[in-house]
Amino acid sequence: MRAALVVLLLLLWPTTVPAQSLSSDDVSLLRQVNKLFDADQYARARDLLLERMARNLSEKDQAVPVPVLQALGNALYLTGDLDGAFDAYSQALEQEPNNPALCRNLGLTAYGLERWAESAPLLEKAYGLAQADAETVAETDLLFQAATAWALAEKYQNAARVLDKAWPLLKQPDLRWLKLNALARTKAGQHAKGIAPILDALDRTPCDEQLWLLLADAETMGERYGRAAAALEAVLRCNNESGQSKAGLLQRLAGLYAGTNLPFLAAKTLEPGASDAEALDRLGQLYARAGRLDPALDALERAQKAAYNAERAKRMALLCLNFGRHRQGADLLDRYLSARPGDHDARMLLAQARLTLKEPDKARQALKAIPADSRHRDTAEQLLRLLEE
């Protein structure tokens with residue numbers, strides 16, 4: 001799973017600033033910093049705050065006040081120093097562990113540092129503190145970010161728990177919520193709960209291609225490949241407003257058919273768009289798995305015309321032999337060995353095919369071409385003796 005973008009903003013100032021905890025110098029500094037923030041001069045604000053921190057260290061003053069630490073964290077975050085911001089917010093949170101702005105900012109910073117397991121509980125706590133504060137709006141996006149962080153930490157049960165908390169607050173979950181829910185629920189062993197909201201959404205908008213694609217992804221993740229294939233077929237029947245490549249959808253559908261041991265359906269799905277050697281080669285292999293030799297050979301022959309490959313020629317010969325078409329297999333092996341005379345395995349197969357076809361002279365010719373250092377030489381000599389008898 002890729003990390004979701006941080007869509008939440010830092011809170012640049014605490015809701016209340018306890019004046020008694022600040023010296024007049026700090027009050028003046030924070031006013032100046034506030035003006036610099038308003039002017040987007042974050043680097044200058046950072047430098048002023050770092051000077052304040054340096055004075056505190058040299059003079060061995062008491063702990064730096066929370067508003068100063070929070071402002072420093074904000075400035076460091078906004079100038080790209082997330083490690084420094086993490087340290088500043090952490091120091092502030094030690095003094096005020098139930099400060100919702102600090103929990104939020106530290107949670108977002110941990111998220112930006114990909115410290116998922118630290119980010120998630122902080123964002124959950126920030127939501128809970130905001131919910132308990134009558135003057136603060138508790139944003140459901142905090143829960144989304146928390147659940148995402150838990151999922152990225154592969155703590156899927158925790159992600160599902162957060163989603164349980166968020167779901168009643170959502171009137172109609174959008175795609176990002178549906179996608180996260182499907183992932184977390186499936187990984188937590190709750191696949192049915194993961195796809196149920198997608199199915200509900202499809203009841204409301206049955207021709208929404210994005211929802212069908214999401215359902216296909218969810219069912220694939222849940223290893224229910226037949227259902228995933230049905231969802232992709234629904235996408236193909238829609239108006240294709242999602243911008244999805246039809247060829248790409250067909251290839252994916254063919255892969256699902258092949259994965260569910262339906263190689264013939266996979267081949268028929270791929271065939272209309274198969275034109276290059278690689279696609280034709282795959283098409284031939286699918287037909288062969290389905291037991292359809294003629295279309296398999298036709299596809300492989302077309303692949304050879306698009307880009308000749310000696311190994312493919314050998315595979316074609318082996319297919320014929322496996323299907324009992326010894327004449328065709330022997331002829332293909334002859335053609336292959338003209339390009340790869342040193343393949344003694346193929347030479348022995350050719351000899352055996354000629355014997356099956358009751359062509360002793362051609363079999364003898366193939367056996368004599370196997371050199372003394374070949375692992376097949378003893379077998380070749382035994383067969384030659386039998387032919388002489």
Side-chain angles (χ1 to χ4, degrees), residues 1 3-19 21 37 65-67 69-71 73-74 77-78 82 85-86 88-185 187-188 190 193-194 196-197 200-201:
M1 173 184 175
L5 292 174
V6 177
V7 295
L8 298 163
L9 299 175
L10 295 177
L11 291 181
L12 295 182
W13 296 104
T15 305
T16 58
V17 178
S21 69
F37 279 171
V66 167
L69 286 168
Q70 182 176 349
N74 295 341
Y77 186 102
L78 293 167
L82 269 63
F86 187 92
Y89 291 139
S90 296
Q91 290 179 53
L93 196 62
E94 286 178 8
Q95 297 183 52
E96 293 186 15
N98 291 321
N99 183 317
L102 289 173
C103 287
R104 174 198 181 102
N105 288 5
L106 183 56
L108 290 176
T109 305
Y111 192 100
L113 290 167
E114 299 186 3
R115 295 166 70 163
W116 318 121
E118 294 171 84
S119 171
L122 285 164
L123 293 170
E124 277 195 77
K125 185 176 181 181
Y127 177 84
L129 291 169
Q131 198 176 33
D133 186 344
E135 297 181 2
T136 306
V137 177
E139 299 170 77
T140 52
D141 275 344
L142 281 169
L143 294 178
F144 176 83
Q145 212 75 23
T148 302
W150 281 127
L152 288 164
E154 298 184 0
K155 304 289 185 181
Y156 299 110
Q157 294 287 352
N158 286 347
R161 173 182 52 74
V162 175
L163 289 166
D164 282 335
K165 189 187 303 183
W167 222 255
L169 307 173
L170 306 171
K171 292 181 179 178
Q172 287 191 6
D174 60 23
L175 277 172
R176 63 187 184 130
W177 281 100
L178 294 173
K179 184 176 182 179
L180 176 60
N181 185 65
L183 169 75
R185 300 291 188 188
K187 294 290 188 179
Q190 305 170 15
K193 289 184 74 173
D200 290 341

Next item on the list: Go through Leu113 and Glu118 one step at a time and tell me if the side chain to side chain contact (heavy atoms under 4.5 Å, CB included) criterion holds.
Entry: CA-CA 10 Å; Leu113 290 167; Glu118 294 171 84; over 6 Å; no
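- Partners of Leu175 by side chain to side chain contact (heavy atoms under 4.5 Å, CB included), not counting sequence neighbours, listed by chain and number: Gln210, Leu211, Leu214.
- Remark: Pro197 pairs with Trp167, Leu178, Asn181 by the side chain to side chain contact (heavy atoms under 4.5 Å, CB included) rule, at least two apart or across chains.
- Looking at residues two or more places apart in sequence or on another chain, you find a side chain to side chain contact (heavy atoms under 4.5 Å, CB included) between Leu93 and Leu102, Cys103, Leu106, Leu122.
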Margin query: With side chain to side chain contact (heavy atoms under 4.5 Å, CB included) as the criterion, how do Glu139 and Arg104 come out once you've worked through the C-alpha distance, each side chain's angles and the decisive distance to 0.1 Å?
Written below: CA-CA 11 Å; Glu139 299 170 77; Arg104 174 198 181 102; 2.6 Å; yes
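- When all heavy atoms are compared, the tightest approach of Ala153 to Ala117 is CB-N, 4.0 Å.
- Other residues, nucleotides and ligands contribute more than 12 heavy atoms inside 6.0 Å of the NZ atom of Lys125.
- Between the side chain of Asn74 and the main chain of Tyr77, no donor-acceptor pair closer than 3.5 Å is present.
- Atom-to-atom distance recorded for Arg176:CZ and Asp141:CG is 4.5 Å, nearest 0.5 angstrom.
- Among residues two or more places apart in sequence or in another chain, the side chain to side chain contact (heavy atoms under 4.5 Å, CB included) test is passed with Ala159 by Trp150, Ala151, Ala184.
- In this structure Asp164 satisfies the side-chain hydrogen bond (donor to acceptor under 3.5 Å, both in side chains) test together with Arg185, sequence neighbours excluded.
- In this structure, CG in Leu108 is found 8.5 Å from OH in Tyr89, a value given to the nearest 0.5 Å.
- In plain terms, the two heavy atoms of Gly73 and Ala85 that are nearest each other are O-CB, 3.4 Å.
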Next item on the list: Take Val162 and Leu123 through the side chain to side chain contact (heavy atoms under 4.5 Å, CB included) test and state the conclusion after the steps.
Entry: CA-CA 11 Å; Val162 175; Leu123 293 170; over 6 Å; no
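- Pairs passing the salt bridge (charged side-chain N to carboxylate O under 4.0 Å, His left out) check and including a residue from residues 146-161, sequence neighbours excluded, read Glu124-Arg161.
- Using a distance-only test at 3.5 Å, with no hydrogens or angles considered, no donor-acceptor pair links the side chain of Ser119 to the main chain of Arg115.
- Taken to the nearest 0.5 Å, the OH atom of Tyr127 stands 7.0 Å off from the OG1 atom of Thr140.
- Looking at Asn158, Leu170, Leu180, Leu143 one by one, the single match for side chain to side chain contact (heavy atoms under 4.5 Å, CB included) with Leu163 turns out to be Leu180.
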